[in-house]
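Note sheet for the following structure.
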Amino acid sequence: MTDAAAASQPPEESGFHAFRQAEDLVVRRRPLDALKALQPLIESETDKPSVHLLAGRAYFHSAQLRRAEQAFIRVLELDPTDHYARFILGRTLERLGRFVEALAQMRMAAAMNPVPEYLEAINEVKARIALREP
C-alpha cells in the first residue's frame, strides 16, 4: 500500500495498517523500521496495551532497554494480568543487570502462565544471582 493510499483510509484502518506493518517488521528483525511505522500510534493510542507491547518489543530488539522497560510498565498499568508483558519486562530488566527485579517479574509471569520458557528463564536468572553472591 502506498503512502497516498494509506492517507486516504479512515483513521482506524490506517492505524490498523500501521500496527500490522510494525508487527511484521518486528518479526523480520527490523525493529527501528517498526518503531518508525508505529510512532503515530504510540502518540495517539496511549491507552492501547497492544501498541505499547509492540513498541516495547521493538525497543527491546533494538537494545533501547530503558524505553522497552517504560513501554512494558505502561502495558502493565493498563493490563496488570498480561503475563507476556511481565515476562518480557523481566527479560529487559535481566539485560539491564537488574536480576532481582527481573526474577520478581518472571515469577509473576510464570504464576499466571507456567509455560516452560518462563520457568527456564527463572532458573537462568536465579543462576546469575547465585553467581553474583559472595
To the nearest 0.5 Å, what is the distance between CG (Leu93) and CZ (Phe72)?
10.0 Å

When rounded to the nearest 0.5 angstrom, what is the spacing between CG in Asp82 and CD1 in Ile88?
11.0 Å

Atom OH in Tyr118, atom CE in Met108: separation rounded to 0.5 Å?
13.0 Å

Using a 4.5 Å cut-off on heavy atoms from C-beta on, say whether the side chain of Phe60 contacts that of Arg95.
yes

How close do Ala37 and Gln21 get, heavy atom to heavy atom, and via which atoms?
CB-OE1, 3.8 Å

Using side-chain heavy atoms (C-beta onward) and a distance below 4.5 Å, is Arg86 in contact with Pro80?
yes

Heavy-atom check, side chain of Gln64 versus side chain of Leu32, under 4.5 Å:
yes

Check Ala121 against Phe87 and note the closest heavy-atom contact, atom names and distance.
CB-CE1, 3.5 Å

To the nearest 0.5 Å, atom CZ of Arg74 lies from atom OG1 of Thr46 at 6.0 Å

Can you find a heavy atom in the side chain of Glu101 that is under 4.5 Å from one in the side chain of Leu96?
no

Begin from the C-alpha positions of Arg91 and Glu117 and carry the test salt bridge (Lys or Arg N to Asp or Glu O under 4.0 Å) through to its verdict.
CA-CA 11 Å; Arg91 281 293 196 196; Glu117 181 182 7; 5.7 Å; no

May I have the step-by-step check of salt bridge (Lys or Arg N to Asp or Glu O under 4.0 Å) for Glu69 and Arg98, ending in yes or no?
CA-CA 12 Å; Glu69 177 185 9; Arg98 294 162 49 193; 2.9 Å; yes

Please tell me if the side chains of Leu35 and Ser62 come closer than 4.5 Å, counting only heavy atoms from C-beta onward.
yes

With a 4.5 Å heavy-atom cut-off, do Phe19 and Ser50 have their side chains touching?
yes

Do the charged groups of Glu94 and Arg128 touch, with an N to O distance under 4.0 Å?
yes

Quick check for you: to the nearest 0.5 Å, what is the distance between Leu78 atom CG and Ile73 atom CD1?
12.0 Å

Is the backbone N or O of Val115 less than 3.5 Å from a side-chain atom of Asn113, with the two atoms forming a donor-acceptor pair by type?
no

Quick one: closest heavy-atom pair of Ile122 and Ala110, and the distance?
CD1-CB, 3.6 Å

Are any non-hydrogen side-chain atoms of Met106 and Glu124 less than 4.5 angstrom apart?
no

Nearest heavy-atom contact between Ala58 and Val26 is CB-CG2, 4.0 Å

Quick one: CG on Leu38 to CG on Leu54, what's the gap to the nearest 0.5 Å?
5.0 Å

When you look at Arg28 and Asp24, which way does the salt bridge (Lys or Arg N to Asp or Glu O under 4.0 Å) test go after all the steps?
CA-CA 6 Å; Arg28 292 181 10 214; Asp24 180 59; 2.6 Å; yes

Val125-Val100 co-clustered via ILVMFWY side chain contacts under 4.5 Å:
yes

Do the non-hydrogen side-chain atoms of Tyr84 and Arg57 ever get within less than 4.5 Å of each other?
yes

Walk me through whether Arg132 and Phe99 qualify under side chain to side chain contact (heavy atoms under 4.5 Å, CB included).
CA-CA 10 Å; Arg132 294 181 104 190; Phe99 301 119; 3.1 Å; yes

